[in-house]
Amino acid sequence: MEPAGHNPSATTADNSAVRSVTGDDAPAGIAGGARRVRVHHLQRAKERGERITMLTAYDATTAAILDAAGVDTLLVGDSIGNTMLGHATTLPVTLDDMVRAGRAVASATRHAWVVVDLPFGSYEAGPEQALASAVRVMKETGASAVKLEGGRRSAAQIRAITDAGIPVVGHLGYTPQSENVLGGPRVQGRGDDSAEELSQDALAVQEAGAVAVVLEMVPREVAARITEFLVIPTIGIGAGPEVDGQVLVWTDMAGMTDWSPRFARRYAELGRALQQAAADFAAEVRDGAFPADEHTFDQ
Ligand code: KIV
């Protein structure tokens, strides 16, 4: 008999098969022996020269798998708009979307530090709006931090959220919420003036109290320089190897779609594997091979 409340047709996020394969054997990562990655582990990692690992996650099942793999931090990115919700950009993503996904990811995570993106339109109006959005994320998701885009223009928002006791991760370089100003996904910080602007933004984010900063699509030399003069860790995506950590969108990392950006390495071809599994299922239903006796209940 199934326990009360158990849905026997569903795979839950607390998937014991995933745990037994990878759970307690997963590499320690930046938390060392600690069960949970906490904010101070990021700073300590930078000081010790240990690289921080971050992947995006948008749902409980995937989060449990990535968490069991020993990834240090999971980012509930507003890339959920492109990867899961069928939008062309991140702009339509709402705070409700982020709260729902954040809750799912945080509920399935036992080890990783969970960060939730503040979506476009939830913080630009000023510190009060930013703080209200961040407080909602923290109250309703169980995440440990929020992330928002922008340097000097977002410094007051970062300060207000930080002063309220909520860790903030900044995001500089190519910032997808500003894609209409930036002209699409393009490397930022090329040339002396642009690199200087980026450096000033990085300092402003740190000065405002951010605990880390994502650098997206930035020339490696510029990212390396920023990493050297910042005290807080930098986490790169398309920013080369001389940063304090790396983040990828999990669907790019796992090869869920035919195309991945140049800066992403495909560690699997899960899209093709899933398509094959679905095709096998459909073929076996059609020819009667599924369900077999072992999938069938007798009276
Ligand atoms: O939303 C997202 O996935 C991100 C990463 C690209 C850093 O912000």
Side-chain angles (χ1 to χ4, degrees), residues 42 51-59 62-63 66 71-95 97-102 104-105 112-124 133-134 137 141 143 145-151 154 158 167-179 182 184-189 198 201-202 205 210-218 223 226-227 232-240 243-254 256-257 259-266:
L42 277 78
R51 293 219 165 92
I52 299 162
T53 57
M54 176 185 270
L55 285 172
T56 65
Y58 316 105
D59 68 276
T62 313
L66 304 179
V71 174
D72 298 313
T73 69
L74 294 182
L75 169 65
V76 187
D78 61 353
S79 52
I80 191 173
N82 317 65
T83 57
M84 299 290 148
L85 301 180
H87 301 310
T89 72
T90 61
L91 300 190
V93 174
T94 65
L95 196 55
D97 292 333
M98 297 311 301
V99 164
R100 193 170 295 113
V105 169
W113 193 68
V114 176
V115 186
V116 176
D117 256 342
L118 294 186
F120 178 63
S122 73
Y123 62 94
E124 294 85 345
S133 300
V137 166
T141 67
V146 297
K147 177 169 85 56
L148 55 79
E149 297 182 2
S154 297
I158 295 172
V168 179
V169 176
H171 185 157
L172 299 173
Y174 177 62
T175 45
Q177 293 174 13
S178 305
E179 72 149 61
L182 300 176
R186 299 171 61 198
V187 175
Q188 303 294 311
L198 199 54
D201 280 333
V205 163
V211 297
V213 60
V214 168
L215 298 177
E216 179 164 355
M217 295 185 75
V218 173
I226 291 174
T227 300
I232 59 172
T234 57
I235 302 178
I237 176 164
V243 286
D244 298 310
Q246 297 288 335
V247 54
L248 284 178
V249 169
W250 87 258
T251 49
D252 293 337
M253 180 278 302
M256 284 291 280
T257 52
W259 179 87
S260 302
R262 185 185 146 200
F263 55 71
R265 178 170 289 165
R266 298 166 74 92

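Counting starts at 1 for both ligands and their atoms, following the listed order.
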Go through the steps for Thr94 and Asp97 under the test side chain to side chain donor-acceptor pair (under 3.5 Å), then give the verdict. CA-CA 5 Å; Thr94 65; Asp97 292 333; 3.2 Å; yes

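- Partner of Leu172 under the side-chain contact (heavy atoms from CB on, under 4.5 Å) criterion, out of Leu215, Thr234, Ile226: Leu215 alone.
- Near Glu216, meaning under 4.0 Å from one of its heavy atoms, ligand 1 places the atoms 6 (C).
- Between Val76 and Gly102, the shortest heavy-atom contact is CG1-N, 3.8 Å.
- Partner Trp113 forms a side-chain contact (heavy atoms from CB on, under 4.5 Å) with one of Asp72, Leu42, Val71, Leu75 and no other, that one being Leu42.
- Taking only non-hydrogen atoms, the option from Lys147, Met98, Met54 nearest to atom 8 (O) of ligand 1 is Lys147.
- Below 4.0 Å from some heavy atom of Asp117 lie the following atoms of ligand 1, by number and element: 1 (O), 2 (C), 8 (O).
- Remark: the backbone N or O of Leu95 is not paired with any side-chain donor or acceptor of Ser122 at under 3.5 angstrom.
- To the nearest 0.5 angstrom, Ile80 atom CD1 is 9.0 Å from Arg100 atom CZ.
- Per-residue contacts place Asp78 under 4.0 angstrom from the following atoms of ligand 1 (heavy atoms of the residue considered): 1 (O).
- Summary of contacts: the protein heavy atom closest to atom 4 (C) of ligand 1 is Leu75 CD2, 3.6 Å.
- Of all the atoms in ligand 1, the ones that sit under 4.0 Å from a non-hydrogen atom of Thr56 are 3 (O).
- Among all protein heavy atoms, the one lying closest to atom 2 (C) of ligand 1 is Ser79 OG, 3.2 Å.
- Looking at Ile237, Ile235, Leu215, it is Ile237 that brings a heavy atom closest to atom 6 (C) of ligand 1.
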